[in-house]
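Chain naming here is simple, since letters A, B, ... match the order of the sequence lines and numbering starts at 1 in each. Small disclaimer: the values here were computed from a predicted structure and weren't measured.
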Amino acid sequence: MSKTSKVCQSVTGMNDVLPAEAPRWRALEAAFRAACARYGFGEVRTPVCEYTELFTRGIGEETDVVAKEMYSFEDRGGHSLTLRPEGTASAVRAYLEHTVGNTEPVARWYYVGPMFRGERPAKGRYRQFHQVGAEVYGDGSAAVDAELIDLAYGFVQSLGISQCKVRLNSLGSGDTKRRYAAALQAYYTPLRDKLSEDSQRRLTVNPLRILDSKSPEDVALRGGAPHLLAVLTDEDRQHFDKVCAILTRLGTPFEVDPTIIRGLDYYSRTIFEISETSGRLGAQDALGGGGRYDTLISDLGGKPTPAVGFAFGIERLLLAASDEALRADSAPVCAVLAVDRTDADLVHAEALAIAKELRSQGLSVVVDTRFGKLDKQFRHAERAGAVAAVIVGKQEIDEQTVKLKDLVARQERSVGRDVLAENVRALLQASRSGSPTE
RNA sequence: GUGGCCAUAGCUCAGUAGGUAGAGCGUCGGGUUGUGGUCCCGAAUGUCGCGGGUUCAAAUCCCGUUGGUCACCCCA
């Protein structure tokens, strides 16, 4: 595709999903919706952009997401809008705007949709990417944390992603994070020169990040660093222990990892990540993650309401998921072919009329409206996945019949027009139940 | 945002002592009379990502740019 302009070029990092790939997306989204439904969640749909302030206040001005990755612009009224970089802030905004807390003590919501971050694209990382996520408002219990993680893990399993692990940590509540950051600074400051360049910067900006650095020099120093779990309050500790205990009872595998931090400021207490461990996602092996954010709702002006949620990247799940798990069980297809050696226009119209008639019965019907030679029409039918073909020509029209061919058994018989639909339906159903391996 | 690698038909790629392009798959047509997965024959499609430079001559060398990719950063 040659081009001197960008007219026919999608925006960097924003991709098309063509019909060949779309079924996998639909299957994944359907799996997520089904999982959420089983856990009592309802869908929330919010706009793709919000007033910028929602994100700067909600996610945190200092986070990378807000500081350098947002797609912001001015609308005609001079307001600063931002394409949502994640789903939680929008969902919380909707929750508050519609005062859901006043009528539902606990709200369980899920969402599916595009998010936008201006990062450098790579495999599994795009500027428009898509997430599925779930949130629970109004329940601060360890039980809901565990249930949510269980939902997330079960969903990943249902996609046939066997090589993955759940890592769990607690950020504590109140000023635990700040106290811990101070403790880390106290530990690392004397060692500053031994830290990686990035971590020397992190030391002042976000010391917790030093913990999940991949630089060898940082990894070497990590051993002596104070442990986050060690500085938790008794209550936070109990909450965390309870989450672990319930997960164990549910049989949801996890490992406690004191180094996971999460990139958004609003998290407190339970946080978790689910990553793919086969290595085929490269550096983008984080499939999803989430945690508790008990102060976000009050930070945004609501009354204090505990909340917890998670999100997964659809593109990454798609990379990791097995084809079997995402196979869409599409309806069997019937093709209508026209023998048009004589009275072509009449026969073509009749073929379409037959197709319409079958479609009105709820059947999936394809017609190669180019109406080439019969063998071409057969090839077209085959490629469309048709298991049955209706063949009509001048002779059949005159006789008020049609040829009905079983494309699998390669057998054909003459069928009266008045009983065509039921015969086609029977043939399609037989093909579905008769081929368990495909 | 930083660094490395890559960029040839719809797809996968071949084409390096620089001389204006090929294969497989796919697509389309044909193998005469109304029947498909094999086989045979034939055809179309690329300003070799884009722009500039070196050269008599560049897909092939140099620079820039755009896009992709890998690592980092960060995250989903």
Next item on the list: Would you mind listing every salt bridge (Lys or Arg N to Asp or Glu O under 4.0 Å) that reaches into residues 111-124 of chain A, with sequence neighbours excluded?
Entry: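 As it turns out, the salt bridge (Lys or Arg N to Asp or Glu O under 4.0 Å) pairs with a partner in residues 111-124 of chain A, which skip direct neighbours, are A/Glu119-A/Arg125.
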Closest non-hydrogen atom pair, [X] against [Y]:
X	Y	answer
A/Thr46	A/Ser90	OG1-CB, 3.5 Å
A/Leu250	A/Ala146	CD1-O, 4.3 Å
A/Val256	A/Cys244	CG2-SG, 4.3 Å
A/Asp368	A/Lys376	OD2-O, 4.3 Å
A/Leu358	A/Val336	CD1-CG2, 4.3 Å

Check: Looking for any heavy atom pair under 4.0 Å, which part of the strands does A/Leu374 touch: base, sugar-phosphate only, or nothing?
Finding: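 Base, at least one base heavy atom under 4.0 Å.
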Next item on the list: Look at all strands and tell whether A/Arg262 reaches a base, only sugar-phosphate, or nothing, counting heavy atoms closer than 4.0 Å.
Entry: sugar-phosphate
List for me each residue that meets side-chain contact (heavy atoms from CB on, under 4.5 Å) alongside [X], sequence neighbours excluded, and say none if there are none.
X	answer
A/Ala183	A/Pro226
A/Lys165	A/Arg167, A/Glu255, A/Ser275, A/Thr277
A/Leu221	A/Tyr187, A/Tyr188, A/Leu191, A/Lys194, A/Leu195

Separation of atom [atom1] in [X] from atom [atom2] in [N], rounded to whole Å:
X	N	atom1	atom2	answer
A/Ile59	B/A76	CD1	C1'	13 Å
A/Glu197	B/U2	CD	C1'	10 Å
A/Asp16	B/G67	CG	P	15 Å
A/Leu28	B/A76	CG	P	17 Å
A/Gln128	B/A76	CD	C1'	14 Å
A/Arg379	B/C25	CZ	P	12 Å
A/Gln377	B/G37	CD	P	14 Å
A/Leu337	B/U35	CG	C1'	8 Å

Please list residues of [range] whose heavy atoms come under 4.0 Å from any atom in RNA chain B, ordered by number; otherwise none.
range	result
residues 382-397 of chain A	A/Glu382, A/Arg383, A/Ile391, A/Gln395, A/Glu396
residues 408-415 of chain A	A/Arg410, A/Glu412
residues 37-47 of chain A	none

Next item on the list: Summarise protein proximity over nucleotides 68-74 of chain B in one line of letters, 5' to 3': B for base, S for sugar-phosphate only, - for none, counting protein heavy atoms closer than 4.0 Å.
Entry: SBSSBBB
Check: Can you give the dot-bracket line for RNA chain B, using ( ) for pairs inside the strand, [ ] for pairs that cross earlier ones, | for pairs with another strand and . for unpaired bases, where Watson-Crick and G-U count if both distances are under 3.5 Å?
Finding: (((((((..((((........)))).(((((.......))))).....(((((.......))))))))))))....
Next item on the list: Pick the C1' atom in B/G31 and in B/U38, then give their distance to the nearest Å.
Entry: 14 Å
Margin query: Once salt bridge (charged side-chain N to carboxylate O under 4.0 Å, His left out) is applied, do any residues pair with A/Glu50, and if so which ones, sequence neighbours excluded?
Written below: A/Arg93
Check: Taking only residues two or more places apart in sequence, or in another chain, which ones meet A/Arg201 in a salt bridge (charged side-chain N to carboxylate O under 4.0 Å, His left out)?
Finding: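 Scan of A/Arg201 (salt bridge (charged side-chain N to carboxylate O under 4.0 Å, His left out), adjacent residues dropped) gives A/Asp198.
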Next item on the list: Please work out which of the three classes, parallel, tilted or perpendicular, describes the rings of A/Tyr137 and A/Tyr95, given edges at 30° and 60°.
Entry: tilted
Check: Does OP1 or OP2 of B/G31 have a side-chain N or O of A/Lys373 closer than 4.0 Å?
Finding: yes
Checklist line | side chain to side chain contact (heavy atoms under 4.5 Å, CB included), paired with A/Trp25, selected from A/Ile314, A/Leu326, A/Leu317 | finding: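 Result for side chain to side chain contact (heavy atoms under 4.5 Å, CB included) with A/Trp25: A/Ile314.
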Per-pair distances, 0.1 Å, donor-acceptor, side chain in residues 407-415 of chain A, under 3.5 Å, sequence neighbours excluded:
unit_1   : atom_1 : unit_2   : atom_2 : d
A/Arg413 : NH1    : A/Asn423 : OD1    : 3.2

